[in-house]
Amino acid sequence: MGNSTIIMADQNLAKKYLKKMRGNGRSMGTVCVYNIFWSWLGSFLGIAAVAYISQQFLEGMGLTMLIGSFGASAVLIYCAIDSPLAQPRNLIGGHVLSALIGVGCRLVLKDDPVIAAALAVSLSIAVMLMTRTVHPPGGATALIAVIGGEEIYALGFWYAVLPVGVGALVMLVIALLVNNISSQRSYPKHWL
């Protein structure tokens with residue numbers, strides 16, 4: 001094989017690789033005002049409930065129930081309610097398993113936060129896939145366990161219970177209530 005043959009083969013491989021990045025689908029269509037309203041109401045009430053419980057019952061103890069990954073969960077469970085990633089098994093399982101993995105990685109690798117962060121997220125993804133609990137905000141929950149600071153570190157594995165497990169349950173209850181008020185919406189699609 002000559003150099004020109006190798007170059008042509010490399011160019012064809014590069015073209016095929018880049019062609020895959022064009023995409024072949026369409027973006028989401030227009031959403032009706034009706035669904036916008038229900039998604040807004042659910043997310044408002046869900047986050048407000050978690051924040052209120054946190055403020056009223058936990059702040060005095062130096063705890064919080066409001067973590068950043070719950071914002072992403074709100075998008076899924078109040079807006080993309082038909083998504084397999086938004087179902088209760090995924091919401092609870094994805095968050096709790098990822099929290100446990102994140103805490104474990106932080107404890108074992110506390111002297112190497114770069115590896116702890118990368119391992120927490122990647123292991124969480126692998127475990128969520130193996131357990132059929134994929135919930136993308138779970139990756140953020142694992143990362144928060146590693147980079148969350150002293151208040152989060154002090155919780156140890158309790159982080160998976162409070163704020164993560166209890167907060168996700170509160171958001172689930174709100175999702176069950178709000179997403180089923182409308183005759184045009186139904187949540188969940190499945191439990192297990």
Side-chain angles (χ1 to χ4, degrees), residues 10 13-25 27-28 43 46-47 50-51 54 58 63-172 175 187-192:
D10 287 346
L13 186 61
K15 284 180 185 178
K16 283 182 183 179
Y17 181 74
L18 293 173
K19 187 177 181 181
K20 291 172 25 178
M21 294 182 199
R22 285 191 310 190
N24 58 2
S27 65
M28 190 168 92
S43 61
I47 296 297
V50 171
S54 183
L58 301 175
L63 299 173
T64 184
M65 200 163 67
L66 197 58
I67 56 173
S69 54
F70 286 165
S73 290
V75 174
L76 287 167
I77 67 172
Y78 304 118
C79 175
I81 64 174
D82 293 335
S83 169
L85 308 174
Q87 302 311 306
R89 172 192 180 98
N90 301 73
L91 171 70
I92 304 299
H95 273 301
V96 171
L97 289 171
S98 296
L100 292 169
I101 290 165
V103 171
C105 288
R106 191 216 167 266
L107 291 173
V108 171
L109 298 164
K110 61 183 161 204
D111 294 331
D112 195 345
V114 171
I115 298 299
L119 196 57
V121 174
S122 59
L123 278 176
S124 292
I125 291 169
V127 169
M128 285 189 288
L129 284 166
M130 288 188 291
T131 59
R132 298 179 304 118
T133 58
V134 175
H135 186 66
T141 298
L143 188 59
I144 291 166
V146 174
I147 66 168
E150 292 305 320
E151 289 179 358
I152 297 294
Y153 302 159
L155 296 173
F157 285 104
W158 283 104
Y159 168 71
V161 176
L162 184 72
V164 175
V166 175
L169 279 172
V170 169
M171 291 181 63
L172 175 59
Y187 178 84
K189 296 302 173 206
H190 59 83
W191 283 92
L192 301 173

Asn90 CG to Leu76 CG distance, which is reported to the nearest 0.5 Å: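 CG of Leu76 is found 9.0 Å from CG of Asn90.
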Spacing of CD1 belonging to Ile144 relative to CD1 belonging to Ile152, to within rounding of 0.5 Å: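 Taking CD1 in Ile144 and CD1 in Ile152, the distance rounds to 7.0 Å.
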Residue pairs passing the ring-ring contact (aromatic ring centres under 6.0 Å, His included) test where at least one lies in [range], sequence neighbours excluded:
range            : result
residues 146-165 : none
residues 123-152 : His95-His135
residues 103-126 : none

Suppose we screen for side-chain contact (heavy atoms from CB on, under 4.5 Å). Which residues come up paired with [X], at least two apart in sequence or across chains?
X      : result
Ala175 : Ile77, Tyr78, Asn179, Tyr187
Leu129 : Ile125, Val134
Leu123 : Ile101, Cys105, Leu119
Ala118 : none

Pairs involving residues 135-150, ordered by first then second residue, that meet salt bridge (charged side-chain N to carboxylate O under 4.0 Å, His left out) (sequence neighbours left out):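 Applying salt bridge (charged side-chain N to carboxylate O under 4.0 Å, His left out) to every pair that reaches into residues 135-150, excluding sequence neighbours, yields nothing.
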All pairs passing salt bridge (charged side-chain N to carboxylate O under 4.0 Å, His left out) where residues 115-136 contributes a residue, at least two apart: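 As it turns out, there is no salt bridge (charged side-chain N to carboxylate O under 4.0 Å, His left out) pair with a partner in residues 115-136 once direct neighbours are skipped.
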By side chain to side chain donor-acceptor pair (under 3.5 Å) - contacts of Thr131 (at least two apart):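 Partners of Thr131 under the side chain to side chain donor-acceptor pair (under 3.5 Å) test: Thr133.
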Sequence-distant partners of Asp82, side chain to side chain donor-acceptor pair (under 3.5 Å), two or more places apart: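 Here the qualifying residues are Lys189.
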Pairs satisfying side-chain hydrogen bond (donor to acceptor under 3.5 Å, both in side chains), at least one member in residues 100-113, at least two apart: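 Those involving residues 100-113 do not exist here.
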Close side-chain approach of Leu66 and Ile47, heavy atoms under 4.5 Å: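 A side-chain contact exists here, since the closest heavy-atom pair is under 4.5 Å.
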